[in-house]
Amino acid sequence: MAIMTLRTRFAPSPTGFLHIGGARTALFCCLHTRRHQGTFLLRIEDTDTERSTPEAVEVILEGLRWLGLAPDEAPSFQSDHTARYLAVVQELLAAGHAYICTCSRERLDAVRERQREVGDKPRYDGHCRNRNLTPGPESHVIRFRTPHTGEVEWEDQIQGKICFANSELDDLILVRSDGSPTYNLAVAVDDHDMGITLVIRGEDHISNTPRQIHLFRAMGWEIPAYAHMPLLHGADGAKLSKRHGAVSVLQYREEGFLPTAINNYLARLGWSHGEQEIFTMVELEQLFDVRQLGRSAAIFDRAKLLWINGHHIRAATPDQLLPELAFQLGRLGVDPIPSVEQLARILPEFQARAATMVEMAQKCRFLFIDSVQPYEEKAARKHLLPSMRVPLETLLQAVTAVTEWHFEGVERAFQKVLTAHGLNMGQLAQPLRVVLTGSAASPGIIETMVMLGREKCCQRLQAGLAWMDGGCG
RNA sequence: GUCCCCAUCGUCUAGUGGCCUAGGACGCCGGCCUCUCACGCCGGUAACACGGGUUCGACUCCCGUUGGGGACGCCA
């Protein structure tokens, strides 16, 4: 069968960072395309020369790379296509589908204000539509001649049938008075030129679709299919945007989230597959289909993201986590950053204990610093009782005498102290933990000692005894 | 205001006329495990917005109301 191969695009405007909502759009687009063996493209929509910056392009690219959503071909920049857009407009002008408009912004504002007062939808009133103006020295824009009657309808792959009466639409501007092309023109031309067969984007673009379809019709082009996905909302239920609580996806990396976890979480917003909650990227690429999306907006829930992130941390192999842990330790000021061998040895002990890589770094930091004093006050008060002084001193001796520094060897020494003083595990483990780690929580006490090494164990035991002698109870 | 869209536990969702005294997940609460903290396991909490229809039977279909969101730029 001659099924047209799927071509999609993610089309961000480089006016800022890539936020979590944009990342979700890119993810859905990418997953759907991979599932159907299509081609996923990236188009930078920089027709707004005022606000677009090369820095933003770089940040968006980096965000996509980090998430593993790299496009299949080199990105396309709308700013490279200006001549093409303008040529299309000339065709439109020649065919009578566009016209010159000399209305001033002041007039437009006044018209809109009047319409609002009457309770109408603000839109261009068609003042220049039939004036047959020709380009002159006077400042002018070029507008599209939108049909007055009839309607535009399309079968949206997510929303179902959507229909707009043409009478609801106005004559949009195609070319600004400075001669630059506008968004709707550029999108329509590029979607056609790039051979896009399915436009996947946020539902905030629904109202642009009829305009773009009209442009396609006027040019006699084949109209692509559309899939408008529900938006991501913030905790207050409003659209997530840069000025509304959204932060860069790269900040999630800083906060210790794994890209697989972010993707997993985002995919479950609006989409599900039975009762499965945890998905790998490979699974998503096999299962995700935009046509299975729900139609209602979802609210971003950090608590669930944390849970999923913890799950992916546990599921990861240590070497996958190594670079992230090193990165986070560096941010905590650990210097020098431990070797990968060192980190690989201790990392498994912390996988089940951290929801983020930041948390993991915080929890294993004690291993790599010189002193854990001052102790966490509450922990010290509760566990470093005077009665523990002697047992800890015995332990110091036992530790010094350990011949082979491995789990069994250390455990033997520890048990000996327990027996000698008639203590149970917890009675000795907790004070020791405080002395060794500075806090009342850590991996198993023997594991902790083994990880720390004999030298540091002895040093900290000595420091602990000194602290107790100092009477700082 | 006008147009478009949406509506199941606090949140993400399953549900496509009877299998629903509405299932799962996160969170929260309780318990187990236990040297601490986690992980894990067990149990609990909590929802079909409202009103009309259609039907032998509605969470599921239709209409209305209410509520929410989006769009109304020489931004994208």
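By convention in this document, chain letters (A, B, ...) are assigned in the order of the sequence lines, proteins followed by strands, and residues within each chain are numbered from 1. Atom set for the values below is all heavy atoms of this structure, side chains included, hydrogens, waters and symmetry mates excluded.
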Sequence neighbours excluded, which residues qualify as salt bridge (charged side-chain N to carboxylate O under 4.0 Å, His left out) partners of K382(A)? none

Rounded to whole Å, please give me the gap between [atom1] in [X] and [atom2] in [N].
{"X": "R211(A)", "N": "rA71(B)", "atom1": "CZ", "atom2": "C1'", "value": "9 Å"}
{"X": "E168(A)", "N": "rC3(B)", "atom1": "CD", "atom2": "P", "value": "6 Å"}
{"X": "D301(A)", "N": "rC28(B)", "atom1": "CG", "atom2": "P", "value": "11 Å"}
{"X": "E106(A)", "N": "rG73(B)", "atom1": "CD", "atom2": "C1'", "value": "14 Å"}
{"X": "F300(A)", "N": "rG27(B)", "atom1": "CZ", "atom2": "P", "value": "15 Å"}
{"X": "L305(A)", "N": "rA25(B)", "atom1": "CG", "atom2": "P", "value": "19 Å"}
{"X": "D236(A)", "N": "rG67(B)", "atom1": "CG", "atom2": "C1'", "value": "15 Å"}
{"X": "I162(A)", "N": "rA71(B)", "atom1": "CD1", "atom2": "C1'", "value": "12 Å"}

Full working for salt bridge (charged side-chain N to carboxylate O under 4.0 Å, His left out) between K161(A) and D156(A): CA-CA 6 Å; K161(A) 194 182 293 298; D156(A) 197 280; over 6 Å; no

Look through every strand shown and name the nucleotide pairing with [N] as Watson-Crick or G-U wobble, where both distances are under 3.5 Å.
{"N": "rG30(B)", "answer": "rC42(B)"}
{"N": "rC59(B)", "answer": "none"}
{"N": "rG64(B)", "answer": "rC50(B)"}
{"N": "rC9(B)", "answer": "none"}
{"N": "rU2(B)", "answer": "rA71(B)"}

Measuring only the [atom1] atom in each nucleotide, how far is [N] from [M]? A whole number of Å is fine.
{"N": "rC63(B)", "M": "rC5(B)", "atom1": "P", "answer": "12 Å"}
{"N": "rA14(B)", "M": "rG24(B)", "atom1": "C1'", "answer": "7 Å"}
{"N": "rU45(B)", "M": "rG23(B)", "atom1": "P", "answer": "11 Å"}
{"N": "rG27(B)", "M": "rU21(B)", "atom1": "P", "answer": "29 Å"}
{"N": "rG64(B)", "M": "rA25(B)", "atom1": "P", "answer": "38 Å"}
{"N": "rU60(B)", "M": "rA7(B)", "atom1": "P", "answer": "12 Å"}
{"N": "rU16(B)", "M": "rC62(B)", "atom1": "C1'", "answer": "16 Å"}
{"N": "rC59(B)", "M": "rC48(B)", "atom1": "C1'", "answer": "5 Å"}

Any base atoms under 4.0 Å from [X], or only sugar-phosphate, or nothing? Heavy atoms, all strands.
{"X": "L306(A)", "result": "nothing"}
{"X": "S296(A)", "result": "sugar-phosphate"}
{"X": "I299(A)", "result": "sugar-phosphate"}
{"X": "H383(A)", "result": "nothing"}
{"X": "D204(A)", "result": "sugar-phosphate"}
{"X": "Q159(A)", "result": "sugar-phosphate"}
{"X": "C103(A)", "result": "base"}

Please pick, from [options], the nucleotide with the shortest atom-to-atom distance to any side-chain atom of [X].
{"X": "T182(A)", "options": "rA25(B), rA76(B), rC4(B)", "result": "rA76(B)"}
{"X": "R268(A)", "options": "rC35(B), rG24(B), rU2(B)", "result": "rG24(B)"}
{"X": "E275(A)", "options": "rG1(B), rG23(B), rC12(B)", "result": "rG23(B)"}
{"X": "R116(A)", "options": "rG27(B), rG1(B), rC6(B)", "result": "rG1(B)"}
{"X": "A238(A)", "options": "rG23(B), rC74(B), rG70(B)", "result": "rG70(B)"}

Tell me if the side-chain of [X] makes a donor-acceptor pair with the base of [N], cut-off 3.5 Å, by modelled atom types.
{"X": "R433(A)", "N": "rC35(B)", "result": "yes"}
{"X": "N208(A)", "N": "rA76(B)", "result": "yes"}
{"X": "Q276(A)", "N": "rG24(B)", "result": "no"}

Report yes if some heavy atom in the side chain of D120(A) is under 4.5 Å from a heavy atom in the side chain of R112(A); otherwise report no. no

With a cut-off of less than 4.0 Å, is there a side-chain N or O of [X] near OP1 or OP2 of [N]?
{"X": "K239(A)", "N": "rA71(B)", "result": "yes"}
{"X": "R112(A)", "N": "rC74(B)", "result": "yes"}
{"X": "T47(A)", "N": "rA76(B)", "result": "yes"}

What are the two closest heavy atoms between [X] and [Y], and how far apart are they?
{"X": "E376(A)", "Y": "S439(A)", "answer": "OE2-CB, 3.3 Å"}
{"X": "I173(A)", "Y": "T182(A)", "answer": "O-OG1, 2.7 Å"}
{"X": "A23(A)", "Y": "L67(A)", "answer": "CB-CD1, 3.7 Å"}

Check whether the ring centres of Y265(A) and F257(A) lie less than 6.0 Å apart, and answer yes or no. no

is_close_aromatic(F10(A), F40(A)), centroid dist under 6.0 Å: no

Of H383(A), M449(A), M388(A), Q427(A), the one forming a side chain to side chain contact (heavy atoms under 4.5 Å, CB included) with L432(A) is M449(A)

Should the pair Y252(A) and F300(A) be assigned to parallel (<30°), tilted (30 to 60°) or perpendicular (>60°) ring geometry? perpendicular

Distances for protein N or O near nucleotides 37-39 of chain B N or O, under 3.5 Å:
from, atom 1, to, atom 2, distance (Å)
rC37(B), O2, R353(A), NE, 2.7
rC37(B), N3, R353(A), NE, 3.3
rC37(B), N3, R353(A), NH2, 3.0
rA38(B), O2', A352(A), O, 2.3
rC39(B), O4', A352(A), O, 3.3
rC39(B), O3', R314(A), NH1, 3.3

Nearest nucleotide by nearest heavy atom, which residue falls closer to the 5' end of RNA chain B, R51(A) or Q427(A)? Q427(A)

Taking the nucleotide of RNA chain B with the nearest heavy atom to each, does K161(A) or G426(A) sit closer to the 5' end? K161(A)

Less than 6.0 angstrom from the centroid, inside 45 degrees of the normal: does R143(A) satisfy that with respect to the ring of Y124(A)? yes

May I ask you to decide if R84(A)'s main-chain N or O and H81(A)'s side chain share a donor-acceptor pair within less than 3.5 Å? no

Between the protein and nucleotides 46-49 of chain B, are there any N/O to N/O pairs under 3.5 Å, and if so, what are the atom names and distances?
none

Between H228(A) and T209(A), does any side-chain donor sit less than 3.5 Å from a side-chain acceptor? yes

R51(A) and D46(A) ion-paired at < 4.0 Å: no

